[in-house]
Amino acid sequence: MSGRLRAMPLLDLLRAQDVAGFNAARGRHAAPDLFAADLSGLALRGVDLSGANLEKADLSGADLQTAVLVQANLSDADLTAVDLSGALVLRARLGGAFLGEARLDGADFTRADLTSCDFTGARGQGVLFGQARLKEADLCGAELPDADLTGAHLARARLTGARLPRCKAREAVFTRALLDGVQAEGADLASARLAGASLREAALAGAILRDADLTGADLTGADLTGADLTRADLQGTCLSGACLRDAVLKGVNLDGTSLEGADLEGAVQGPRETPPEVAEPVGTTRFDDVRACACEDLLGLLWENPRPTGGSPSLKVAVCSLGGAWDGLAPTLPDPAEAAVARALLPADIGFVALLFVERPGGLACRITSLSPLGDLGESRTVPFDYAPAVQPVFLPEPQGFLVAGLSRRGPTFFLHRFNGTSFELVTQQRIPTARGFVGRTQPVILCKGGVVIPVTPEGLGRPVTAPEGFPGRDATACHVEGGVFLAWTLPASKGLNLCWSNEGRALETRHILPDRTVGSVDAVGLEGRVLVAYSREGDGPLEPMGLWVCWMPGGEPFRVAAETGEDLDRVAIVTGASSPLVVALSLGEGVVAAEIGETSGRVRCRFDTGG
């Protein structure tokens, strides 16, 4: 019986508002598929929707008080005016969801992914957002007194006019966030990162800003009466017209700070202090946004890792030999994840190089750090770069360096640069007004409006070919084939995997496989006239884990790899550079598994475990 058929009676129970019946019927391990379900206005207090797929569901006006939504998928869901008071939403995915006017008293969003969520006008006392991802979220006008934002990530978030009195936001990240007129009296922002943020007319009376990073922030007209700014970094900060009466400014770095018209009556100043060195405790490793790279018999990883004490995630790297065991060594790169516009790990003559594109006062720069075969960090240098990419660029390794393929906002314009060992040389550039971004990391293809894709080669751009209707869908990849490109993608509202060969001057060849299975993620690489496709898909039984499958095309039969791990595997990536291609996947337990791929079978060659 398919997952869809299993979900129908459950959906009927929800529509009948029979919460007790639904909780009993769903079973301890089942994860209901309620994609795009209409549950608007229903009384579902106490419902257990943990792990459920509610992507694009309509829950507007629903009563979800004390509901359990742990690890649920609510991406792009409509939660307008929903009541989530007391709900458990830990580690749930709500990217792009709308929660305007939602009621959130005591809701727990700890470590949830709330990227680009709209909380306009939401309200709630004591909401928990600890270590949650709120990048580019909209909290304008939200009323969230006593909220806990410890270690949350709100880079480029919009909080204009939000009410956050007494909020706890230690080590939270507000880099380049918009906080004009925010009311955060008595807030605890110790060690928070507010670099480049706009806090014009912000109400921060009595706030704790000890050790906070306010470099380049705009606090024009802000009320900082009685605020504690001990050891805060105010380099380049604008405090024109701000009220700093009775504020504590001991050990503050005021280099380049604008204080024109500021009220400093009663402010306590003192010599600049050096903060004590405090060893950060070692926490459990968590792999997120993993980049993998192979060099002969070594596999390297670069990933985001949350800090045990909160704050911006660090960027870590590690190396493991194929057939060996990871020693747990994972050094931290010099820049936090929030500072990196783009990142990559590439093979080098000996070991690997980690590339971080970071914003500097003089413009964008690439920090290049060597990584030894033993996993030790080596020399690091910073090289200026010409432009700020509009989308994530693609990095192509070469025997003596690497190429950077990117799109700038103006035009947009395609750029291809080669790193010659000391600087970036322009290989080619071309204006592409319809360009939207890249698909495929190993053999990139530019995705354009109007159903056109263009392969990118080390020499520049190939010939444009046609993409089929529906591409790129929910998850997509692309690679080069003779005379054109190969495309693979999934659609948001349907199961299965779509495949297409698009060649210049020939009709599109498309296939739809696995029509009764949900496909999680997909990758493809062209190798010696064939295409290797890797994908994750749901199991055949209700309790069977998400499996990792590969297929050589054309003509090959799909086969499963890494089944012996017994784990749910997703976020698939094909890695070349070793003697045989590898498929790297992230397990549900947030470890990383790498399998070597043969003609009709595969075997696990190494893994990186979280350690707890």
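At least one side-chain heavy atom of R123 sits under 4.5 Å from a side-chain heavy atom of R103. Between D113 and S75 the shortest side-chain heavy-atom distance does not fall below 4.5 Å. Contact of the L371 side chain with the D376 side chain is not registered, since no non-hydrogen atoms from C-beta on lie closer than 4.5 Å. Using a 4.5 Å heavy-atom cutoff, the side chains of P389 and L364 are in contact. For the pair L104 and F109, the minimum side-chain heavy-atom distance is below 4.5 Å. Put simply, the side chain of R286 reaches to within 4.5 Å of the side chain of R111, judged on heavy atoms. Side chains of V317 and F352 form no contact here, defined as non-hydrogen atoms less than 4.5 Å apart.
Looking only at atom types and distance, the side chain of T369 has a donor-acceptor partner in the side chain of S380 under 3.5 Å away. With hydrogens and angles left out, the side-chain atoms of D180 and S198 include a donor and acceptor closer than 3.5 Å.
Side chain of D105 to backbone of Q125: a donor-acceptor contact under 3.5 angstrom is found. No donor-acceptor pair closer than 3.5 Å links the side chain of S521 to the backbone N or O of D570. With S408 contributing its side chain and Y387 its backbone, the two residues share no donor-acceptor pair below 3.5 Å. Here the side chain of Q392 pairs a donor or acceptor atom with the backbone of V341 at under 3.5 angstrom. Put simply, the side chain of S314 gets close to the backbone of N305: a donor and an acceptor are under 3.5 Å apart. Here the side chain of R291 pairs no donor or acceptor atom with the backbone of G300 at under 3.5 angstrom.
Taking every heavy atom of both residues into account, F174 and A197 meet most closely at O-CB, 3.6 Å. Across all non-hydrogen atoms, the minimal contact from L586 to G591 is CD1-O, 3.2 Å. Between A330 and K316, the closest heavy-atom pair is O-NZ, 3.1 Å. Among all heavy-atom pairs drawn from P331 and G375, the shortest one is CG-O, 3.3 Å. Taking each heavy atom of A337 and R343 in turn, the nearest pair found is O-NH2, 3.8 Å. Summarising the geometry of L189 relative to A169, their closest heavy-atom pair is CD2-CB, 3.6 Å, with the distance given to 0.1 Å.
Between F287 and W303, the angle of the ring planes lies from 30° to 60°, which puts this pair in the tilted group. Between F419 and F424, the ring planes are tilted. Angles from 30° to 60° get that label.
For F395 and F357, the ring centers sit closer than 6.0 Å to each other.
The CZ atom of R133 sits 11.0 Å away from the CZ atom of R91 when rounded to the nearest 0.5 Å.
Within a 6.0 Å sphere centred on CZ of R409, other residues, nucleotides and ligands contribute 12 heavy atoms or fewer.
For the salt bridge (Lys or Arg N to Asp or Glu O under 4.0 Å) test with D188, the passing option among R210, K168, R170 is R170; the others fail.
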